[in-house]
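All heavy atoms count here, side chains included; hydrogens, waters and symmetry mates do not. Just so it is clear: chains get the letters A, B, ... in the order the sequence lines come, proteins before strands, and each one is counted from 1.
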Amino acid sequence: MKKVVYAALSCMMTFSIAACSSSAPSNEASSSTVTGQEPIKLRIAWWGGTPRHEYTKKVIEMYEKQNPHVQIEEEYANYDDYWKKLAPQAAANQLPDIIQLDTSYFAQYANKGQLEDLTPYTQNGTIDVSSITEDVVASGKLNDKLYGMSLGVNALTVVMDEENVKKAGLQTPAPDWTWDDFEKLTIEVKNKTGSFGSNGLYPPDVFLPYYLRTHGQHMYSADGTSLGYTDDSLFVEYFQRKLRLVEAGAIPTPDLQAQLKGIEDDFIVKGTAFMSWNWSNQYIGFMETAKRPLALHLPPGPNQKEGMFLKPSMFFSIASNSKHKEEAAKFISFFLNDIEANKLIKGDRGVPVSSKVLEGIKPVLSPDQTRVFEYVNEVSKNSSPLSPMDPPGSAEVIKTLKDISEQILFKKITPEEGAAKFRQKANEILAKNKG
Amino acid sequence: MKFRPKQDNLAGYAFIAPFIAGFLMFTIIPMLASLYLSFTSYDLFSSPQWIGLDNFTEMFTNDEKYWSSVKVTLIYVLAGVPLRLAFALFIAMQLNRASRGVGLYRTLFYLPSILGGSVAVAIMWRNIFGNEGMINALLFFVGIDKQILWYQDPMKALWTLILLAVWQFGSSMLIFLAGLKNIPKDYYEAASVDGANAVQQFFKVTLPLLSPIILFNLVMQTIAAFMTFTPAYIISKGEGGPLDGTLLYSLYLFQKAFSFFQMGYASAMAWVMLLFVALLTFVFFKTSKYWVHYESKGE
């Protein structure tokens with residue numbers, strides 16, 4: 001008996017522990033290299049929710065019909081899983097031909113030689129950029145190489161339930177409101193109605209940088225080897241304000257934010273908060289689920305113009321291991337410029353970058369979508385250049401910021417301690433990008 | 001034993017070949033690779049750089065989160081495993097006594113374990129303990145108007161995980177039940193003739209005779225508990241929050257590997273875990289001679 005137990009145990013232990021170690025999944029090799037009108041296979045990967053998967057598949061179908069020699073294989077997932085799937089593919093040199101990237105991971109892939117420079121394709125017209133402004137094209141550049149084409153732009157916004165604000169006998173803010181106005185309104189909402197004044201300005205890695213920008217500073221340094229802002233008092237002020245709001249019960253604690261199951265659960269949708277800090281493309285989802293009018297406001301200032309920027313919502317890039325770069329570039333051009341395709345895409349990947357598309361899809365837009373497009377247009381006249389791209393390692397920096405934000409809001413550490421701790425940890429992570 | 005002709009061996013090898021091939025390819029080779037990687041810095045995008053013991057020194061001397069994850073995991077194992085085993089044994093004894101409908105109850109009690117590490121159960125669990133979840137609704141129903149905020153306090157959040165582990169006691173229960181059925185009835189009869197009451201019978205007859213089974217369950221469940229990943233990942237949405245309260249070792253390892261792309265560091269963590277669990281298992285077996293009773297030895 002004893003021996004058997006020993007043997008069984010040692011076998012099972014070896015097995016189960018091995019499950020802990022990592023191994024990279026591999027994909028079947030793509031078919032042999034062929035050119036011209038010979039049938040070819042492209043792989044394309046993106047993240048998103050169900051609506052995005054649905055219309056993207058339709059756009060792909062449309063492209064396949066127009067280009068019968070191209071067959072497109074789709075690989076999609078939600079945001080978190082997407083990156084976990086993509087990285088091992090990069091390690092195995094098996095990246096899909098076209099990959100969707102965002103600013104947080106862009107440098108990680110571009111700096112490690114995973115992406116193709118698209119400049120030749122925009123120069124010879126394979127990717128048609130004639131109706132896209134230079135600034136927007138340049139947002140996909142790193143070290144003077146064009147590693148991605150921006151698919152749309154977003155802007156920060158404070159979505160506001162103006163009806164409810166008025167019902168509570170409060171004033172809706174002027175366009176040039178300040179952080180103090182925001183704090184006052186948020187606390188008044190709480191005191192008068194018991195609802196939260198605002199959502200929790202979550203995640204901190206989106207809204208702290210906005211605050212820094214209004215003070216002329218940036219989250220990351222231009223070379224990505226350290227934090228960009230030098231004045232810790234900005235960090236301290238920002239979190240002191242958030243802490244005051246949490247203590248007043250005027251914004252939700254982080255654990256409530258973490259319990260949200262989806263958009264239908266969101267505070268502003270359920271009416272338990274009157275404001276929601278978000279990206280502009282989220283607005284349509286809020287409107288569809290809340291089924292009552294919501295307004296778009298600029299985030300508070302002073303110095304809104306310095307703080308605001310047009311964020312490339314996501315990029316399409318071509319993997320350097322792709323065997324069909326030319327064909328991949330053609331598809332990207334179609335995705336950016338085809339009006340019929342964009343009538344399906346609408347504004348889901350941000351406000352379209354092509355002015356022709358923007359004009360062409362106007363008739364099919366809903367009033368909500370038009371409002372977002374107008375808002376982003378408004379911001380474009382009143383904004384400043386992008387901050388430096390998130391450097392490699394930013395995923396860990398962001399997680400560190402989230403941890404420290406939680407510790408501050410649960411009052412385990414003071415904002416001052418948090419500022420010092422964040423600077424030390426983040427710089428430790430970013431220092432690895434030196435040399 | 002008689003000498004067997006070679007063909008017999010060949011047939012044997014042929015039969016185990018699929019297993020051996022799979023074992024080599026999917027277990028041994030990845031394990032050796034991870035052993036190598038644990039001495040490197042590897043971000044998946046560029047080739048691994050040899051850095052000697054740096055991963056291990058960083059882990060032991062400079063990584064707060066690592067130690068916090070070790071602490072959380074130890075609490076999880078030390079509280080979860082004994083509770084689960086005690087609960088499993090308790091239910092097994094009830095089932096052993098009952099005569100009618102045992103099959104049905106056995107299945108019902110085993111059900112949570114079949115659902116085991118599944119994602120659906122973890123999501124359900126998260127909702128049950130949510131601020132507007134079932135537990136708080138029940139409390140409200142019985143007149144307690146104060147919500148318990150399970151996910152605001154690291155310790156409470158960890159207890160939701162421990163409770164989930166205890167609830168999934170089915171497989172240990174089945175093994176206990178089989179063990180209990182193997183204890184001859186005569187022993188209990190003899191004990192009661194000698195005037196032993198139920199409690200004495202439990203400690204003097206049941207426990208000693210069941211001790212090999214307890215050892216087996218203890219070792220298996222401890223190993224499984226150290227590697228728990230899915231519930232923590234789902235319930236905390238991959239973050240290990242609040243305040244790292246549910247950041248189990250394996251979850252931190254996963255974050256390091258797949259969120260921060262530090263495969264070398266994650267491999268090093270995996271090996272530390274392997275060695276620790278192996279050591280613990282060794283200790284269990286070495287101390288077992290003081291508390292595990294093997295019938296064959298005594299006779």
* Output yes when a side-chain donor or acceptor of B/T40 lies under 3.5 Å from a complementary backbone atom of B/G264, and no otherwise. => no
* Asked: Does any N or O in the side chain of A/D102 come within less than 3.5 Å of the main-chain N or O of A/M314, such that one atom is a donor and the other an acceptor?
  -> no
* A/Q114 versus chain B, the contacting section by heavy-atom distance below 4.5 Å -> side chain
* Structure fact -> So, the part of A/I429 with a heavy atom under 4.5 Å from chain B: the answer is neither
* To do: Give a yes or no on this: more than 12 heavy atoms of other residues, nucleotides or ligands lie within 6.0 Å of atom CZ of A/F267.
  => yes
* Asked: In this structure, are over 12 heavy atoms from other groups packed under 6.0 Å from B/E64 atom CD?
  -> no
What part of [X] gets within 4.5 angstrom of chain A, counting heavy atoms only: side chain, backbone, both, or neither?
X      : value
B/F254 : side chain
B/N127 : side chain
B/Q262 : side chain
B/F229 : neither
B/F261 : side chain

* Parallel, tilted or perpendicular: which describes the rings of A/F106 and A/F315, with under 30° parallel and over 60° perpendicular? -> tilted
* Asked: side chain to side chain contact (heavy atoms under 4.5 Å, CB included) with B/Y76: which of B/T246, B/V81, B/L158?
  -> B/L158
